[in-house]
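Below: the structure, in structure tokens.
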Amino acid sequence: MANMQMTKTPMPEQAPDVRNHNFLEVCTGYTAEMAVNEAKRCLNCKKPMCVQGCPVNVRIPEFIQKVAEEDFMGAYEIITSTNALPALSGRVCPQETQCEAKCVRGVKGEPVAIGRLERFVADWYRENVNTMPEKPESNGIQVAVVGSGPAGLTCASDLAKKGYEVSIFEALHTAGGVLVYGIPEFRLPKAIVGNEVKKLEAMGVKVMTNMVIGRVLSIDELFEMGFKAVFIGSGAGLPMFMNIPGESLKGVYSANEYLTRTNLMKAYLEESDTPIIQSKNVAIVGGGNVAMDAARCAKRLGAENVYVVYRRGEAEMPARLEEQHHAKEEGIIFKTLCNPTRILGDENGRAIGMECIRMELGEPDASGRRRPIAIEGSEFVLDVDTVIMSLGTSPNPLIRSTTPGLETNKKGGLIVNEENMTTREAVFAGGDAVTGAATVILAMGAGKKAAAAIDAHLKK
Amino acid sequence: MFQIVRKKELNANVTLMEIEAPFVAKKALAGQFIIFRVDEKSERVPLTIAGYDREKGTVTIIFQKVGLSTEMLGALNEGDSIRDFVGPLGKPTHTEGIKRVCVIGGGVGCAIAYPSAKAFKDAGAEVDVIVGFRNKDIVILEDEFRAASDHLYLMTDDGSYGEHGFVTVKLQELLESGVQYDEVLAIGPIPMMKFVSKTTEPFGVKTMVSLNPIMVDGTGMCGGCRVTVGGEVKFACVDGPEFDGHQVDYAELMNRNGVYREREQETAKTHICRIEKMGKELIR
């Protein structure tokens, strides 16, 4: 008999006024008891809609049944038959718009907490088993993966399982891409990412850091070196700015820089040599998940007042509800329907304030959201010493500009066909390098699809 | 890990190191840079490439010990290794179609000016070199420059060696005497590059300068190295590091480069402790 509890079994988390002073994980995860209780809420539908909502088609009801039976190992095996990185997706997927959005239990009450269960199973495995996979029998065919973010790691994992000799080329000094430079420790502990990379290495995947493809090696040179196919998962790219006066003052960062200093370079640790400004009052401009991450990092780095400044209303904010909720709990102040007009500086070239103008919502624009319109004469100055621009990114030109025949769309994203192959034979791509800034799970889905396509292509 | 295969002190403050990095050595060109990281806790620090040996698979860097990371690097010896060394990054010096060029180096900037002078020479250009130093004691790469140039003008601020005066004095003199340059390339402290550009402007000579803003990843991702050139925001790591010297907003660059200066002074003490500790560990 299913557990007919209407709401999700709550997941324990650090109290807001405690966690906003540390970088430890916010949510501490289900105990086995909680997981079993939640798993029993699943009705094990004959036609599981949740699976269709998942970009990597995790066999959701099957793994949840195993959890309900307390067969956590069985659950892990089912999840990892389609999802290489469950500890990651269980934490950072927007389940509310994917699997959980389709859950029949969500019609009356809350859907089954699929994400929390996935995370529980992955964590249980890492803490209790964590045997490193064995290297599958090699088929001797070399494939290069450019970038070690969610797309690259997934693609590499799927190809390695099929026996390919995979080499990952990572530009930074640590593998993981956005999982290590972007997403903060308190949402995704870096040890978990490191463990996933270790598993890949156990499967024979070579991870080469400090390799900027497009500079140190071109795509054509990878083929000359003997790689038979290349997957490009090089990520989103260059941060955008507003082009308003004052953006070059000291104290103005892109979210990418602020997060990279904090997460990859660990500026929050005393022992790290990488500096970051000690701010008192911080404004983050933008309303996406990256803005939430930057705001929550700023708070943890000791800022007293942290504002999220967004030109539309709260209902239009692209950040996940859960992220908005966590940010607010931690004391982040939302300044919606506000748009910066300039950043003010002192005689030392340091930011000392941000002038904003109030906005109102007009008719829907091309994106379907109501267009924000400035209210004339409503300017005011926000007292801040640090401004973090979180406005999205434009694709990095490094690879496309050094690879003849690689075509891009007008936004600079690589053009791919249904099999994720680019306009160059045997060169595949996926993730933000194709779509522009999107989610971890969509990148994983693309990496997975590309791995299957690469396998099919090389078997032709 | 990347091994230091040669170390040479060029003067009291400036060190040359040849680092084993075969992938970088294979592709490096004059004007490009690398990013190094000494150990797991270190910053990522950009340094323009001072030379490379494709056959040996080594890259030469020349640096001044000015902060924690360069002090730590300078404390290492031949046979030691550093954690990270990534490159070549940025666009190389553009030498194509240039028949006569004046390459100007200031202080430790000469380390970077040298490979560019050589690249121009190798490309068949007539190369004048003006190098400037505070005094005789810190003169570096004199023989190298002599070999890579048709005319070498060595200047010191105090007149203790070569000719007395700033590099701009000599440049002004050459331009006034009617020497026609297709391009002037200046590499050194920001004020020097600014004044070289001011000197060439009335003569309408194309002037390139190599910028060194604060950087994190060096691949275009962070935007920390943004500079304003001709009113447009450019990223030095992917669009540069060389830019049109007449268009660069030098005041903004100076300001941005000072963003962590206070913190650097504050933490100078703990830094010294770390360097000492590292030294002890090395001895052990």
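All chains are named by letter (A, B, ...) in the order of the sequence lines, taking the proteins before the strands, and each is independently numbered beginning at 1.
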Rounded at 0.5 Å granularity, tell me how far [atom1] in [X] sits from [atom2] in [Y].
X        : Y        : atom1 : atom2 : value
A:Tyr258 : B:Cys222 : OH    : SG    : 14.5 Å
A:Asp273 : B:Lys41  : CG    : NZ    : 9.0 Å
B:Asp217 : A:Met265 : CG    : CE    : 10.0 Å
A:Leu398 : B:Cys237 : CG    : SG    : 8.0 Å

Margin query: Run A:Met208 and B:Phe23 through side-chain contact (heavy atoms from CB on, under 4.5 Å) and show every step you take.
Written below: CA-CA 12 Å; A:Met208 318 219 343; B:Phe23 280 110; 4.2 Å; yes
Next item on the list: Would you mind telling me which of B:Gly258, B:Gly224, B:Pro88 has the largest number of heavy-atom pairs within less than 4.5 Å of chain A?
Entry: B:Pro88
Residue [X] versus chain A: region with a heavy atom under 4.5 Å:
X        : result
B:Ile214 : side chain
B:Val259 : both
B:Phe36  : neither
B:Arg256 : both

Check: Just checking, is any N or O donor in the side chain of A:His173 or B:Arg44 under 3.5 Å from an acceptor N or O on the other one?
Finding: yes
Next item on the list: Please check if any side-chain donor atom of A:Ser248 sits under 3.5 Å from a side-chain acceptor atom of B:Glu252, or the reverse.
Entry: yes
So with a 6.0 Å cut-off around [atom1] of [X], is the heavy-atom count from everything else above 12?
X        : atom1 : result
A:Lys206 : NZ    : no
A:Lys266 : NZ    : yes
B:Lys65  : NZ    : yes
A:Arg350 : CZ    : yes

Next item on the list: Apply side-chain contact (heavy atoms from CB on, under 4.5 Å) to the pair B:Arg37 and A:Thr274, showing each step before the final yes or no.
Entry: CA-CA 11 Å; B:Arg37 216 163 64 110; A:Thr274 299; over 6 Å; no
Can you find a heavy atom in the side chain of [X] that is under 4.5 Å from one in the side chain of [Y]?
X        : Y        : result
B:Met221 : A:Asn396 : no
B:Asn255 : A:Lys250 : yes
B:Phe85  : A:Asn210 : no
B:Lys91  : A:Arg215 : yes

Check: Would you call A:Glu221 and B:Lys27 a salt bridge, taking side-chain N to carboxylate O under 4.0 Å as the test?
Finding: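 Yes.
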Check: Would you say A:Ser254's side chain and B:Gly223's backbone share a donor-acceptor pair under 3.5 angstrom?
Finding: no
Check: Is it the side chain or the backbone of A:Leu269 that comes within 4.5 Å of chain B heavy atoms, both, or neither?
Finding: neither
Item checked: Contact origin within A:Ile276 toward chain B - heavy atom pairs under 4.5 Å -> backbone
